[in-house]
Protein chains: 2
Amino acid sequence: MLELRLVQGSLLKKVLESIKDLVNDANFDCSATGFSLQAMDSSHVSLVALLLRSEGFEHYRCDRKLSMGMNLGNMSRMLKCAGNDDIITLKADDDSDTVTFMFESATQDKISDFEMKLMDIDSEHLGIPDAEYQAIVRMPSAEFARICKDLATIGDTVVISVTKEGVKFSTAGDIGTANIVLRQNTTVDKPEEATIIEMNSLVSLTFALRFMNSFTKATPLSNTVTISLSSELPVVVEYKIAEMGYIRFYLAPKVEDEMEGD
Amino acid sequence: MLELRLVQGSLLKKVLESIKDLVNDANFDCSATGFSLQAMDSSHVSLVALLLRSEGFEHYRCDRKLSMGMNLGNMSRMLKCAGNDDIITLKADDDSDTVTFMFESATQDKISDFEMKLMDIDSEHLGIPDAEYQAIVRMPSAEFARICKDLATIGDTVVISVTKEGVKFSTAGDIGTANIVLRQNTTVDKPEEATIIEMNSLVSLTFALRFMNSFTKATPLSNTVTISLSSELPVVVEYKIAEMGYIRFYLAPKVEDEMEGD
DNA sequence: GACGTGAACT
DNA sequence: AGTTCACGTC
């Protein structure tokens with residue numbers, strides 16, 4: 001028996017909006033710890049990891065570990081039927097092949113329940129080791145989204161270079177080149193507007209903008225984004241989910257001297 | 001060496017928005033006087049003339065006359081990467097085949113530079129003689145845009161007729177006809193809402209609405225528009241650019257008794 | 001919330 | 001190249 005009651009239902013709506021374009025089908029894993037997901041995108045290039053800790057739910061009952069395979073497009077379609085102020089409760093019986101989403105309007109005047117078929121998805125759950133990163137950049141998520149969107153109008157890949165002073169985003173394409181430099185800035189009135197750089201060593205890595213622009217769909221989940229970079233490691237683009245956990249996107253850097261990217 | 005610093009960068013963004021649909025490629029001409037452009041639209045029917053005087057720039061350095069051929073679509077794409085409050089600096093080395101747009105955010109925390117390839121464009125620079133016009137109408141630019149948009153839903157051409165009392169915009173199409181009369185009105189609280197007519201002789205001319213509706217893309221540049229009319233002369237639709245210059249569109253009247261227009 | 005525009009896909 | 005979808009703007 002599984003029953004998870006999330007008062008701020010809009011969180012789950014936003015989570016699905018942020019991953020449904022990247023991942024078609026995925027297993028949601030429930031345990032006493034929380035509600036989580038780990039999945040490769042449909043082209044098997046990037047990886048998404050979501051965690052919503054049990055403490056973040058108003059009510060969290062998970063008798064035994066459960067892995068529920070869902071089509072994220074269909075799940076998103078159902079969640080779109082929930083109001084932004086609705087309380088969402090997710091229910092599943094043990095050994096059931098369906099999951100039920102219940103939506104309660106803030107006023108309790110409208111109560112909906114949507115039942116969705118589960119599916120069998122074979123997924124290797126990768127252990128992601130904690131790593132030391134050469135540089136970690138924290139910046140306003142909207143700014144990061146804007147930069148990735150702008151650069152994508154010029155080129156296909158972005159080079160992210162971090163120095164103590166700032167972070168540089170560069171691209172090149174047929175019509176020209178672009179460099180955007182963001183200065184480290186911790187002295188801003190509002191902490192969510194700060195750009196903070198923790199750097200152990202200089203790092204400069206190249207990524208496909210197509211994926212970065214998918215990741216930034218998670219912007220509504222958090223005012224800030226954290227980008228963790230190391231040579232030879234996938235970049236981690238993390239959006240913290242207040243009081244509950246995070247959504248993290250992993251993407252391997254491009255090898256610089258490849259003849260032709262994809 | 002060329003270096004033009006424009007504090008109100010949104011002006012340049014708006015200028016490009018207003019001409020990029022009309023003209024594909026054009027030469028920007030820089031001289032000590034200012035930054036200008038003159039180009040036929042891609043169908044070689046209408047003409048655009050832009051002037052941004054050097055005095056309007058915070059910093060204006062132009063060592064020698066320079067003509068820079070740009071693809072306006074690509075230039076617009078790059079300018080879209082500038083914030084509306086950004087300071088835009090345009091740089092080019094002599095004999096360089098590129099131009100650089102630098103964008104500085106108001107806070108100086110974000111500095112971008114975009115380099116664009118220049119192109120060779122052969123353009124005959126027409127001398128446009130100052131002319132006496134039979135009638136000059138000044139009116140709110142938004143009103144003019146609305147009229148052209150509305151009339152285009154009925155017909156393909158507009159007849160603009162000016163009398164001392166007012167200006168009439170007429171069209172006819174399959175579904176019917178339309179006439180919009182604007183009375184001269186100088187007694188309005190705000191001068192930008194006035195409709196002012198200077199008339200030497202009655203004039204009534206026909207124009208393709210398709211082009212008029214392209215011209216009105218410049219509406220964000222000025223609250224008022226000036227329409228100068230004479231038989232046998234192209235109409236001039238002018239939007240003044242505060243403190244800096246103007247953008248003018250020229251379009252030849254249709255000959256009335258042609259069998260079929262274009 | 002609706003429209004118009006630009007980008008992606010077929 | 002045409003259609004569809006998503007985004008930004010009004």
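What you see is a predicted model; the values in this text were computed from it and never measured. Protein chains get the first letters and strands the later ones, always in sequence-line order, with residue 1 at the start of each.
Classified by interplanar angle (parallel below 30°, tilted 30° to 60°, perpendicular above 60°), the ring pair A:F28/A:F35 is parallel.
Within the 4.0 angstrom heavy-atom criterion, only backbone atoms of the sugar-phosphate kind lie near A:K217; the bases stay farther away. Across all strands, A:K20 comes closer than 4.0 Å to no nucleic acid atom at all (heavy-atom distances).
The existence of a salt bridge linking A:R138 and A:E238 is excluded, since no basic side-chain nitrogen approaches an acidic carboxylate oxygen closer than 4.0 Å.
Relative to the side chain of B:R77, the nucleotides D:dG8, C:dG6, C:dA7 differ in distance, and C:dA7 lies closest.
Summarising the geometry, the separation between NZ on A:K149 and P on C:dA8 is reported as 12 Å, rounded to the nearest angstrom. Separating the CG atom of A:N84 from the C1' atom of C:dG1 is a distance of 15 Å, rounded to the nearest angstrom. Nucleotide C:dG6 holds its P atom 13 Å from the CG atom of B:L16, rounded to whole Å. Regarding B:D21, its CG atom lies at a distance of 10 Å from the C1' atom of C:dT5, rounded to whole Å. Taking atom CG of A:L151 as the reference point, atom C1' of C:dA7 lies 17 Å away to the nearest angstrom. Taking atom CG on A:N213 and atom C1' on C:dA7, their separation rounds to 12 Å, with Å as the unit. Atom pair B:D150:CG and C:dC3:P shows a separation of 15 Å (rounding to whole Å applied). Rounded to an integer number of Å, the gap from B:L72 CG to C:dG6 P is 14 Å.
B:N179 and B:S170 share a donor-acceptor pair across their side chains, judged by distance under 3.5 Å alone.
Taking the ring-ring contact (aromatic ring centres under 6.0 Å, His included) definition, one finds that B:F249 meets it with B:F215, sequence neighbours left out.
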